[in-house]
Amino acid sequence: MICGLFALLTMGYQLSWLAAQNDRSPAEFAMGLALSLALAFTPLPVMFAAVVALNRLRPPPWSQLALVFGWGAGIAAFFSVALESWVSADLQLYFGVNATAAETVSGVMVAPPVEEAFKGAALFALLLHRRRAIGSLSDGVVHAAVAGLGFGATENVLYYLIPIVGEGVEEGLAFAAVRGPLMLFMHPLWTSLIGLGVGYALVARGRARRPAVALGYAGATLLHFLWNHTIDGAPVVQAEAGSWSGAATWLAGMGKVYLLELTVAGALIAVTARERTRPPR
């Protein structure tokens with residue numbers, strides 16, 4: 001219930017911001033929110049099943065999955081949006097940075113460490129609730145990925161609202177068709193590295209486990225930063241409209257980053273598959 005309240009507060013904040021930017025009726029805002037929720041949550045069952053299947057030999061209880069999903073969708077999303085908005089506002093107010101540049105700095109430099117920290121905190125909330133909840137690398141990966149799914153779903157609702165309310169349903173659907181599959185995959189992937197580090201720190205022996213959580217967080221932040229930084233190059237394509245070189249350069253960069261993300265995803269799947277064939281004693 002608490003996580004759901006934070007998710008509602010996050011969506012309410014986005015709606016209030018949109019209300020200040022667009023002259024729409026309450027019915028149009030309600031329709032936009034309903035459509036955004038439907039678009040964001042419709043793919044979740046498939047993604048959720050794929051993530052849980054990584055640890056099908058020892059599936060976590062649904063109560064644990066509900067806790068980390070709610071944390072990602074509510075608490076992590078709320079505090080991430082609040083902190084990023086605060087940084088963007090301060091850059092404009094105290095440093096004279098224009099709105100576009102401030103949002104870029106917030107999205108590229110602030111969002112990756114902040115969002116990964118709040119999403120990863122779901123694992124520590126889980127361990128406070130159930131100390132033995134994570135007993136393998138796969139446990140850590142699955143719980144972290146589910147927290148990422150929750151965060152990605154709420155973030156998609158916030159992003160879908162912008163084109164749906166501002167430009168219309170058709171623009172919103174086109175945007176969702178591109179963003180939805182990508183970001184529901186990316187957020188679980190990034191946070192799962194933190195889960196891998198937490199799982200290793202809990203089950204391994206020796207000094208190597210001490211920096212595991214920090215390394216997992218660093219890896220998640222780095223992948224998140226590379227993605228956001230590359231996406232931020234989209235204005236280059238717009239600025240060089242009609243220039244194939246600008247579009248080709250940006251697409252090549254996107255391809256390299258996406259290939260890296262897929263490689264990391266393959267490595268995580270290999271780790272969980274190895275645990276299934278060689279279960280811990």
Can you give each donor-acceptor pair under 3.5 Å made by side-chain atoms of residues 164-179, sequence neighbours left out, with the distance rounded to 0.1 Å?
unit_1, atom_1, unit_2, atom_2, d
Arg179, NE, Asn156, OD1, 2.8
Arg179, NH2, Glu155, OE1, 2.7

**Item:** Pairs touching residues 16-61 that satisfy ring-ring contact (aromatic ring centres under 6.0 Å, His included), sequence neighbours left out
**Value:** Phe48-Trp62

In a table with atom names and distances, give each donor-acceptor pair under 3.5 Å that connects a side chain of residues 101-110 to protein atoms at least two apart or in another chain.
unit_1, atom_1, unit_2, atom_2, d
Thr104, OG1, Thr100, O, 2.9
Ser106, OG, Glu84, O, 3.0

**Asked** Among all residues two or more places apart in sequence or in another chain, which pass the side-chain hydrogen bond (donor to acceptor under 3.5 Å, both in side chains) test with Asn22?
**Response** none

**Asked** According to the ring-ring contact (aromatic ring centres under 6.0 Å, His included) rule, which pairs have a member within residues 143-169, sequence neighbours left out?
**Response** Phe151-His187

**Request:** Only counting residues at least two apart or in another chain, list the ones meeting side chain to side chain contact (heavy atoms under 4.5 Å, CB included) with Pro112.
**Result:** Thr221, His224, Phe225, Asn228

**Message:** The criterion is ring pair (Phe, Tyr, Trp, His ring centres under 6.0 Å); which residues satisfy it with Phe118, sequence neighbours excluded?
**Reply:** Phe79

For residues 205-212, run the donor-acceptor check on the side chains, cut-off 3.5 Å, and write out each pair with its distance to 0.1 Å, sequence neighbours left out.
unit_1, atom_1, unit_2, atom_2, d
Arg205, NH1, Val203, O, 3.3
Arg209, NH1, Ala201, O, 2.9

**Asked** Pairs in or reaching into residues 120-134: which pass side chain to side chain donor-acceptor pair (under 3.5 Å), with residues at least two apart or in two chains?
**Response** Ser63-Arg130, Gln64-Arg130

**Asked** For Tyr13, which residues count as a side-chain hydrogen bond (donor to acceptor under 3.5 Å, both in side chains) partner, sequence neighbours excluded?
**Response** Ser85

**Residue pairs passing the salt bridge (Lys or Arg N to Asp or Glu O under 4.0 Å) test where at least one lies in residues 253-268, sequence neighbours excluded** = none

**Request:** Not counting sequence neighbours, which residues clear side chain to side chain contact (heavy atoms under 4.5 Å, CB included) with Leu262? List them please.
**Result:** Phe185, Tyr258

